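See structure below.
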Amino acid sequence: MGKKILLANDHIEGIRFLDTYRKHGGYASLEKALKSMTPEQIVEEVKTSGLRGRGGAGFPTGMKWSFLAKPEGVPRYVVCNADESEPGTFKDRYLMERIPHLLIEGMILSSYALGAKTSYIYIRGEYFYVARILEQAIDEAYAAGLLGKNILNSGFDLDLYVQIGAGAYICGEETALLESLEGKRGNPRIKPPFPAIAGLYGCPTVVNNVETIAAVVPIVNEGGAAYAAIGVGNSKGTKLISASGHINKPGVYEIELGVPVEEFIYSDEYCGGIRNGKKLKAVVAGGSSVPILPTELILNTAAGEPRLMSYESLGDGGFATGTMLGSGGFIVMDEDTSIVKNLYTFARFYHHESCGQCSPCREGTGWMEKILHKILHGHGTLADVDLLWDIQSKIEGKTICPLGEAAAWPVAAAIRHFRKEFEDFIRNGEHVNDVKHYYRLNNLTALIN
Amino acid sequence: MAKVTIDGIEIEVPDGTTILQAARMIGGDIVPPAMCYYSKLKTSGGYCRTCLVKVSKGSEKDPRPMPKPVASCRTTVMDGMEVLNITSPEVLEARAGVVEMLLLNHPLDCPVCDQAGECHLQDLAYEHGKAETRYEFPRREFEKIDIGDKVQLHMTRCIMCFRCVKVADQITDGRVHGVINRGDAAEISTYIEKAIDNDFSGNVIDVCPVGALTDKTFRFKSRVWYTKPVDAHRDCPTCSGNVRLWYKGEDVARVTARKDTYGEAEEWICNSCRFDHKKTSDWVIEGPTKVDRHSVISANHYENLRMLKASIDRQRESLPHGDKVNLGTGALDPNNEEK
Amino acid sequence: MSEKTILKFSDETAAIATKIVARYPEGRHKSALIPLLHLAQAEFDGWLSVPAMDCVAEFLSIQPIEAYEVASFYSMFNLKPVGKCTLEVCRTSSCWLSGAEDIVRHLEKKLGIKEGQTTADGMFTLKTVECLGSCGTAPMLQCGGDYYENLTLEKTDKLVDSLRAEGKARVYTNDNPVNID
Ligand SMILES: Cc1cc2nc3c(=O)[nH]c(=O)nc-3n(C[C@H](O)[C@H](O)[C@H](O)COP(=O)(O)O)c2cc1C
Ligand code: SF4
Ligand code: FES
Ligand code: FES
């Protein structure tokens, strides 16, 4: 049984409410920090912990925090990224809906460490009910003197607000999030300047994922070294994995980084194996943006080592034979899955979510979707596969924000590892293994358009 | 000061200069094309990606190359930086890709477009694009809308450079037009058709790199190459009064700002000069102007157009789907003039 | 709706809006735009007409175009009238692989409308949307403030029938999280 530090108490009845949360050790970290630690000490502990951003990019959090500019007389902001819109990812929602106070405690700690007096949790608009849960918890915290003026008599003041978005994946990109929080269209900013220098309202700002901020609580409580003792290599601590697709037990799992992928998929502690006794075909391991891998490459690296759930191991082999841990959105596909069709839903997604600022992404995402739509409907040609490859290469690395890459990688990886399936589909649509869905799709033009 | 080398040519520039500006200081072929950047508009640039270059050496202090191509219009130089533009096949390939994207949904109707002959996209396609289109799907289309009685917006042609929105934000007050919708459905619009009502609003026409925003008072709707540019001025209470008149025969067909080598307005002009003063007697003529920016309207434009036509004919033959790529050869046909 | 229609927030909504504006530093009231557009959408029949957006712009003293720009960017804002209940079925990978398309087709048949349309009685609008962060409980749909997960055709039927009986979408409340399980 792996060690759980974020979700250790998620099964406790009423943990959503302040009383119960405190009864189980909640806000002990905050008391400890405010009574006995300087902000700098907290930053040091976070550095020692080796915690890396859980929003997708895996950037070391302590380092990010130490980049924060601290000019005299200019406010600083901590903004929590609760936009969670990467297909396959639902861990932040789970955490916020079960243990909202864990995030709130993390926000207070982070704000104290970074010197913010006002902080925001930016949550996607569709999580409206989760926002209500958070707001209720924040009200409780204010009433208990954990937020507002002179928190726990420490002299530290903090106001914390929940800001709801309104439906835009791109607002998960941190500068688009800040634009949205300023009441604008969610267009990513051109960097530099980075938020650490000029973020919200032009002031120094740290943007961190929900899970990253929640992890600060155990790090302060037990110390950075204890956190760093969990995990392997440069993948320290635990990670929440959102497991979905054709598995027996979809859901959110907290794993110690370094669990073998095979164990994660097949053991009863986690996914519990493939549904209906089917065989595994492929896995998208870190949310829709990361490269899909076929069974042989997801279970073992190209070198034949067992693949582990860690930043390094999943990345082993680069994009030729590896993938990324990303946001931890683990989508499992069984032998009956059509890779072509799955890719189509991804391409449609990125087309739908492109903000439209820069030309390669604005035009290229729609083009890829149209070609895949055409292939799905039996009008594809073999040349279309090469064209798709070429288009994704014209998007990748040429855009303002990484949505360009996020749109390009899934296409590249699907073709890289499943080219034959695309070609079979094009030559011989009816004989792909996904016969049922293929026929159905043909009656579905209204839905797809 | 910072020393930067672009395609092997070294120049010293003030700190804070962008790569694109440094390249313009050097001049010539090594200047990257810019469709959205406009030196007179703050925060412009970064969107179209045509100005991408490769930074092969970051700086003297940190010589590592930058991992991805960068937008030269939004990247400031560092001392010791080395930049590759036309000497990098990778950059040229990336740029051709961007041009293809910009043209993807752009109509192929140059011969009937008001902007033909002074369209930056036309030039860009000609100089940096690939010969044929690989796009086989219907192109995006919008209805023309009037933004007041002086300016027409034909969104179908827009490439989302955001320049007009920045003009509205930065040199007029009470902005009424902006960008609505998202992704490839995004459009410049007023949402409800409203007049742009401000002394300087007409400048949105001059900054538009394509034929999306046009002057409704452009008399006789002439092809640009049949009009003759002349610099002129008048004593104007609102702006400098320094303009360029475009003559068709004896008549002033339209009034625009004077534009520099890169097609940028030298000074903003007011709506009164632009829309309401179309008599020769309104102006003090300074003499004919040599416009050197646009290949198609410069002195040897017929030569260029012949080349263009030949290249387009070649493309036509190679097109599988009967799509007509037409980058302005209509100009060669005198019957096309008053269409 | 004619262009001259002028809408105003009710006193209650205006009070909430004022509180929201107070969350931001001096001079940064534009930050309240998205929350206020949500309020306007809730107050003015579930969609943002031009007068509804103008009402928000007026409240925040910003140009109306700034409200249009933002409202049209985000997919949760309806710029056209919708039914009393909008059924938003997720159509992305995990849901799609778990039979979301069956749910959509079933709803189309049951409601007699196509995706994107509203029933003649103004009760239901059917939409497909991108991943709602419920992939582990796929397929799913959202209606009003609530998620309906692990859908089957039977559950979908039950949901439609009960919504029809109630006459409106349910709004999540803290004491009464709605669930059809
Ligand atoms: C298109 C796009 C979408 C993103 N969506 C999210 C998201 O939903 N949640 C998130 O935490 N980070 C998201 N990110 C990553 C953020 O930009 C940013 O790196 C992250 O919030 C930083 O927090 P972390 O260091 O704690 O991970 C996204 C990035 C991109 C480019
Ligand atoms: S890459 Fe796409 S989402 Fe990102 S700025 Fe460009 S158009 Fe917008
Ligand atoms: S000119 Fe640099 S990106 Fe458009
Ligand atoms: S794929 Fe449907 S909720 Fe994520």
Side-chain angles (χ1 to χ4, degrees), chain A residues 75 84-90 92-93 118 120 124-129 132-133 136 159 161 163-169 171 180-187 201 242-246 250-252 284 288 329 331 333 337 341-342 345-346 348-349 352-353 355 437 440-441 443-444 446-447, chain C residues 20 23-25 27-38 41 60 62 66 69-77 88 90-98 100-102 104-105 108 114-116 128-138 142 144-147 171-174 177-178:
Chain A
E84 189 166 73
S85 311
E86 171 105 350
T89 315
F90 44 96
D92 296 341
R93 169 182 166 217
T118 309
Y120 299 93
R124 64 182 296 187
E126 295 91 339
Y127 283 181
F128 174 75
Y129 80 95
R132 293 285 298 270
I133 292 175
Q136 195 190 31
D159 283 316
Y161 302 107
Q163 173 89 356
I164 56 170
Y169 166 64
C171 290
S180 181
L181 183 45
E182 291 182 6
K184 302 181 197 149
R185 297 163 62 82
N187 290 335
Y201 310 130
S242 322
S244 69
H246 302 133
V252 176
V284 174
S288 58
I331 309 172
M333 299 172 196
T337 311
K341 186 173 135 183
N342 180 65
T345 76
F346 283 167
R348 180 175 58 184
F349 172 81
H352 187 257
E353 300 302 333
C355 83
H437 284 307
R440 208 179 291 142
L441 265 165
N443 304 327
L444 268 184
L447 173 64
Chain C
I20 292 176
R23 294 173 180 173
Y24 314 102
R28 300 295 183 175
H29 51 276
K30 193 180 166 185
S31 279
L33 182 52
I34 291 171
L36 263 59
L37 286 169
H38 276 298
Q41 179 156 297
L60 290 174
I62 57 174
E66 298 180 72
E69 281 182 328
V70 167
S72 62
F73 185 89
Y74 296 93
S75 60
M76 287 176 75
F77 294 130
E88 298 174 299
C90 170
R91 66 178 189 186
T92 318
S93 172
S94 302
C95 286
W96 196 251
L97 296 174
S98 312
E101 49 184 310
D102 297 335
V104 176
R105 285 193 66 69
E108 286 185 335
K114 289 269 170 234
E115 187 235 320
T128 58
V129 295
E130 299 296 351
C131 177
L132 291 171
S134 191
C135 336
T137 37
Q142 180 172 33
D146 212 17
Y147 276 24
V171 178
Y172 175 85
T173 61
N174 291 314
V178 198

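Every chain is numbered from 1, with letters handed out A, B, ... down the list of sequences. Source: prediction; values computed, not measured.
Nearest heavy atom pair, residue A166(A) against residue I34(C), reads CB-CG2, 3.9 Å. Here the closest non-hydrogen pair linking P35(C) and Q163(A) is CD-NE2, 3.7 Å. Closest heavy-atom contact between G145(C) and Y129(A): O-CB, 3.7 Å. Here the closest non-hydrogen pair linking P250(A) and G136(C) is CB-O, 3.3 Å. L132(C) and R124(A) make their closest contact through C-NH1, 3.5 Å (heavy atoms, listed as atom of the first residue, atom of the second, distance). Scanning all heavy atoms of the two residues, the minimum distance from S31(C) to Y201(A) falls at OG-OH, 2.7 Å.
Side chain of Y24(C) to backbone of E182(A): no donor-acceptor contact under 3.5 angstrom is found. Looking only at distances, no side-chain donor or acceptor of S94(C) sits under 3.5 Å from a matching main-chain atom of S244(A).
Proximity to chain A (any heavy atom under 4.5 Å) is restricted, for Q142(C), to the side chain, taken from C-beta onward. In this structure, the portions of I164(A) lying under 4.5 Å from any heavy atom of chain C include both its backbone and its side chain. With a 4.5 Å cut-off on non-hydrogen atoms, S288(A) does not touch chain C at all. Both the backbone and the side chain of F349(A) come within contact range of chain C, each with at least one heavy atom under 4.5 Å from a heavy atom of that chain. The parts of R185(A) that come within reach of chain C are both its backbone and its side chain, each placing non-hydrogen atoms under 4.5 angstrom from that chain. The contact between Y120(A) and chain C is made entirely by side chain atoms (from C-beta outward), counting heavy-atom distances below 4.5 Å. Contact annotation for C355(A): both backbone and side-chain heavy atoms come within less than 4.5 Å of a heavy atom of chain C. For a residue to count as touching a neighbouring chain, one of its non-hydrogen atoms must lie under 4.5 Å from one of that chain's; by this rule T89(A) touches chain C with the backbone only.
Ranked by heavy-atom pairs shorter than 4.5 Å toward chain C, the options G186(A), A168(A), G125(A), G88(A) are led by G186(A). With chain A as partner, the option from P25(C), C95(C), A32(C) having the largest number of non-hydrogen pairs under 4.5 angstrom is P25(C). In terms of non-hydrogen atom pairs under 4.5 Å with chain C, the most contact-rich of G165(A), S85(A), G329(A) is G165(A). Looking only at heavy-atom pairs under 4.5 Å with chain C, the residue among D92(A), L181(A), D159(A) that has the most is L181(A). Counting heavy-atom pairs closer than 4.5 Å to chain A, the top-ranked of the candidates M76(C), H38(C), E69(C) is M76(C). Among Q41(C), H29(C), K30(C), E88(C), the residue making the largest number of heavy-atom pairs under 4.5 Å with chain A is K30(C).
Using a 4.5 Å heavy-atom threshold, the side chains of Y74(C) and S180(A) count as touching. E353(A) is not listed as a side-chain neighbour of S75(C), based on a closest heavy-atom distance of 4.5 Å or more. Proximity of K341(A) to W96(C): side-chain heavy atoms (C-beta onward) are separated by under 4.5 Å at one or more points. Counting heavy atoms from C-beta outward, T345(A) and R91(C) have side chains that stay 4.5 Å or more apart. Counting only heavy atoms from C-beta outward, the side chains of R348(A) and T92(C) never approach each other to under 4.5 Å. Looking at F346(A) and S93(C), their side chains come closer than 4.5 Å, going by heavy atoms from C-beta outward.
To the nearest 0.5 Å, atoms OG1 (T118(A)) and CZ (R23(C)) are separated by 12.5 Å. Between atom CD of residue E126(A) and atom CD of residue E130(C) there is a gap of 10.5 Å, rounded to the nearest 0.5 Å. To the nearest 0.5 Å, atom CG of residue D146(C) and atom CZ of residue F128(A) are 10.5 Å apart.
Residues that satisfy the side chain to side chain donor-acceptor pair (under 3.5 Å) test with Y127(A), not counting sequence neighbours, are E84(A).
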